[in-house]
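Values below: all heavy atoms of this structure, side chains included; hydrogens, waters and symmetry mates excluded.
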Amino acid sequence: MPKSRVRKKADFTPPPEKKATKIDLSGGGGRRWVAPLMLAMFGIGLAWIVVFYVTNNSLPVEALGNWNIVVGFGFIATGFVVSTQWK
């Protein structure tokens with residue numbers, strides 16, 4: 001039986017070097033307002049609920065009664081909605 005040909009292997013060539021890509025941390029596209037607004041909504045909502053409990057339901061708006069909790073969570077939910085715009 002005849003011998004098969006021995007194939008010469010190509011020399012090793014390293015893969016091309018990857019260039020570093022610059023990451024834009026400034027928010028890009030004019031969305032610098034998103035993070036401060038998001039944090040403000042979280043803070044206002046948390047403060048609203050804390051003030052409501054600490055003042056024994058008399059502040060921030062006494063006429064709302066227990067609906068003050070809903071208002072506080074509304075601010076927090078708004079913060080989550082705004083956070084979807086963050087890039």
Side-chain angles (χ1 to χ4, degrees):
M1 182 163 231
K3 281 187 170 183
S4 62
R5 273 193 278 172
V6 177
R7 296 181 187 164
K8 182 178 177 186
K9 292 185 178 180
D11 293 334
F12 174 74
T13 56
E17 291 184 24
K18 295 181 180 178
K19 295 182 180 179
T21 57
K22 185 177 179 182
I23 299 174
D24 183 20
L25 297 177
S26 66
R31 298 203 184 228
R32 295 180 184 191
W33 56 270
V34 173
L37 181 62
M38 175 185 67
L39 293 175
M41 289 293 111
F42 289 154
I44 291 170
L46 179 64
W48 193 288
I49 293 171
V50 168
V51 167
F52 174 69
Y53 278 116
V54 169
T55 61
N56 290 328
N57 308 339
S58 64
L59 287 176
V61 180
E62 188 174 5
L64 290 177
N66 286 335
W67 283 97
N68 279 302
I69 297 171
V70 175
V71 172
F73 278 113
F75 278 113
I76 294 171
T78 304
F80 279 113
V81 170
V82 169
S83 72
T84 63
Q85 300 299 314
W86 196 7
K87 289 186 179 182

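Residue pairs satisfying the side-chain hydrogen bond (donor to acceptor under 3.5 Å, both in side chains) criterion with at least one member in residues 40-50, sequence neighbours excluded, are listed as follows: W48-N68. Within the structure, side-chain hydrogen bond (donor to acceptor under 3.5 Å, both in side chains) contacts touching residues 34-44 (residues at least two apart or in different chains) do not occur.
E62 is linked by a side chain to side chain contact (heavy atoms under 4.5 Å, CB included) to nothing, counting only residues two or more places apart in sequence or in another chain. The side chain to side chain contact (heavy atoms under 4.5 Å, CB included) search around I76 returns F42, I49, F73, F80, not counting sequence neighbours. For V51, the side chain to side chain contact (heavy atoms under 4.5 Å, CB included) test picks out T55, L59, P60, with sequence neighbours left out. With sequence neighbours excluded, the residues satisfying side chain to side chain contact (heavy atoms under 4.5 Å, CB included) with V50 are L46, V54.
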- Item | Residue pair I69, Y53: steps toward the side-chain contact (heavy atoms from CB on, under 4.5 Å) verdict | CA-CA 9 Å; I69 297 171; Y53 278 116; 3.3 Å; yes

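Rounding to the nearest 0.5 Å gives a distance of 13.0 Å between CZ of R31 and CH2 of W86.
V81 and L37 are assigned to two separate hydrophobic clusters, defined by single-linkage of ILVMFWY side chains at heavy-atom distances under 4.5 Å.
Annotation: side chain of F52 is not in contact with side chain of L64 (no heavy-atom distance under 4.5 Å).
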